[in-house]
Amino acid sequence: MAGRELRFAAYAPRPDARPDARPDPVSAVLAEATEEDVPVLGELQARARGGAAGDWADSIRRALGRRQSLVVTAKIAGEAVGYANAEFLPEHPVDRAPAGYYLTGVTVDPDWRRRGIATLLTRRRMDWIRERDAAVWCFVSARNGASLDLHRDLGFRRERPGASFQGVEFAGGEGWLLRADPPRA
Ligand SMILES: CC(C)(COP(=O)(O)OP(=O)(O)OC[C@H]1O[C@@H](n2cnc3c(N)ncnc32)[C@H](O)[C@@H]1OP(=O)(O)O)[C@@H](O)C(=O)NCCC(=O)NCCS
């Protein structure tokens, strides 16, 4: 598990938040992934998170084939620089994570991080979910500070901690179930 933890982005909050201290945001093109994207996304995921590209590709292909599931790519000049998933999951029989629409993963190429790409991918998935349900769910390792801040900034609040949600166990043993509700009118 320690090896997987190394694949989280190093936690580097920006306390001064000066706009001129940020790299330029990029405008990536977002689109639903197709079968043609799968090998490249498998390689991107293996580069960013370890493991075998072929195994990741198999899992992405399965996600593409599922109903009530979305895979979105972010491309710059035609090259995939990130991708993310969302899908409906029933209540988990063991850890009791509730039934609902979940953000189930987001990865950005290490060379393109801190430019707002995960934010774009997450907003797109939240829009897709909100066409189907009010609540947006996700779960994040308690050790993944970058992801916790990303989701906090997008309106997620901490529902409860746990050793596993939807059958996924966490590096370090603990994660958070997060939930975002629509902004009040
Ligand atoms: C987490 C990850 C997806 C973020 O992608 P990104 O495109 O760099 O994210 P964004 O540029 O949209 O960042 C939005 C906000 O998230 C937070 N954030 C992102 N990376 C961070 C980091 N390394 N440290 C602290 N906060 C971070 C910040 O609040 C950031 O806003 P800011 O840049 O104005 O400070 C990326 O680091 C990644 O692929 N990590 C490995 C895979 C992973 O952990 N996925 C999440 C699994 S739940």
Side-chain angles (χ1 to χ4, degrees), residues 1-30 33 40-51 53 55-56 59-60 63 70-76 79-87 89 97 100-127 129 136-159 161-180:
M1 287 313 253
R4 281 179 76 85
E5 270 178 69
L6 292 175
R7 300 306 184 149
F8 296 154
Y11 184 58
R14 259 196 264 267
D16 59 356
R18 286 184 307 135
D20 60 353
R22 298 175 184 207
D24 290 340
V26 287
S27 54
V29 176
L30 302 192
V40 170
L41 298 183
E43 281 160 27
L44 191 160
Q45 184 76 332
R47 218 168 40 246
R49 311 205 62 172
D55 293 344
W56 287 115
S59 121
I60 297 163
L70 174 73
V71 184
V72 197
T73 60
K75 293 184 183 174
I76 293 175
E79 299 291 326
V81 295
Y83 84 100
N85 307 60
E87 70 179 289
L89 298 172
Y101 284 91
Y102 283 76
L103 308 179
T104 46
V106 52
T107 300
V108 173
D109 186 304
D111 290 344
W112 288 96
R113 289 181 185 169
R114 283 331 256 283
R115 287 158 180 259
I117 293 170
T119 302
L120 285 176
L121 285 165
T122 304
R123 288 213 172 103
R124 173 62 66 91
R125 292 176 295 156
M126 291 173 78
D127 289 346
I129 289 175
V136 183
W137 296 93
C138 80
F139 42 82
V140 176
S141 165
R143 297 206 175 172
N144 195 348
S147 183
L148 287 169
D149 283 9
L150 164 75
H151 290 92
R152 178 204 59 207
D153 292 352
L154 288 164
F156 283 83
R157 59 185 167 74
R158 295 181 182 200
E159 210 39 36
S164 104
F165 292 113
Q166 292 292 354
V168 175
E169 293 177 358
F170 299 101
E174 187 171 86
W176 281 97
L177 179 67
L178 308 178
R179 170 184 172 140

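Residues: numbered from 1 along the sequence shown. Both counts, for ligands and for their atoms, begin at 1 and track the order of listing.
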Side chain or backbone, does Val108 bring an N or O within less than 3.5 Å of an N or O on ligand 1? yes
Residue-ligand contact Gly105/ligand 1, heavy atom below 4.0 Å: no
Counterpart residues, side chain to side chain donor-acceptor pair (under 3.5 Å), relative to Ser164 (two or more places apart): Asp95
Would you check whether Val106 has a nitrogen or oxygen atom less than 3.5 angstrom from a nitrogen or oxygen atom of ligand 1? yes
Closest non-hydrogen atoms of Ala48 and Arg113, given as atom of the first, atom of the second and distance, are CB-NH2, 3.8 Å
Exercise: identify the closest heavy-atom pair between Asn85 and Arg125: O-NH1, 2.8 Å
Identity of the nearest option to atom 6 (P) of ligand 1, non-hydrogen atoms only, from Ala118, Ala84, Gly145, Ala12: Ala118
For Pro13, take its heavy atoms, then give the atoms of ligand 1 lying under 4.0 Å from any of them. 25 (C)
Would Arg152 count as being in polar contact with ligand 1, using the rule that some N or O on each side must be under 3.5 angstrom apart? no
If you take all heavy atoms of Leu41 and Ala80, which pair is closest and at what distance? CD2-CB, 3.9 Å
How does Ala10 reach ligand 1, if at all, at less than 4.0 Å between non-hydrogen atoms: by side chain, backbone, both, or neither? backbone
Is there a polar contact, in the sense of an N or O pair closer than 3.5 Å, between Ser147 and ligand 1? no
Does any N/O atom on Thr119 come nearer than 3.5 Å to any N/O atom on ligand 1? yes
What residue among Trp176, Phe139, Phe156, Trp137 forms ring pair (Phe, Tyr, Trp, His ring centres under 6.0 Å) with His151? Phe156
Counting each atom of ligand 1 from 1 as listed, which ones have a heavy atom of Asn144 under 4.0 Å away? 43 (C), 44 (O), 46 (C), 47 (C)
Less than 3.5 Å apart, any donor N or O on the side chain of Asn144 or Tyr11 sitting next to an acceptor on the other? no
Note, Ile117 side chain near Ile76 side chain (heavy atom, < 4.5 Å): yes
Taking atom 21 (C) of ligand 1 as the point of reference, which of Ala146, Cys138, Ala9, Gly82 owns the nearest heavy atom? Ala146
So if I count the atoms of ligand 1 from 1 in the order they appear, which ones are less than 4.0 Å from some heavy atom of Asp153? 29 (O)
Close approach, His151 and ligand 1, non-hydrogen under 4.0 angstrom: no
What are the two closest non-hydrogen atoms of Leu44 and Asp109, and how far apart are they? CD2-N, 4.2 Å
Is the shortest distance from a heavy atom of Gly116 to ligand 1 less than 4.0 Å? yes
For Arg113, take its heavy atoms, then give the atoms of ligand 1 lying under 4.0 Å from any of them. 8 (O), 36 (C), 37 (O), 38 (C), 39 (O), 40 (N), 41 (C)
Under 4.0 Å from a heavy atom of Asp149: which atoms of ligand 1 are those, numbered in the order shown and with their elements? 17 (C), 29 (O)
For Thr107, take its heavy atoms, then give the atoms of ligand 1 lying under 4.0 Å from any of them. 39 (O)
Run the numbers for me: atoms of ligand 1, each under 4.0 Å from some heavy atom of Tyr11, listed by number. 24 (N), 25 (C)
Does ligand 1 have an atom under 4.0 Å from some heavy atom of Ala48? no
Who passes salt bridge (charged side-chain N to carboxylate O under 4.0 Å, His left out) against Arg124, sequence neighbours left out? none
Identify the two heavy atoms, one from Arg143 and one from Phe8, that lie closest to each other, and give their separation to 0.1 Å. O-CD1, 3.8 Å
Per-atom contacts of ligand 1 with Arg7, taking only distances under 4.0 Å to non-hydrogen atoms: 41 (C)
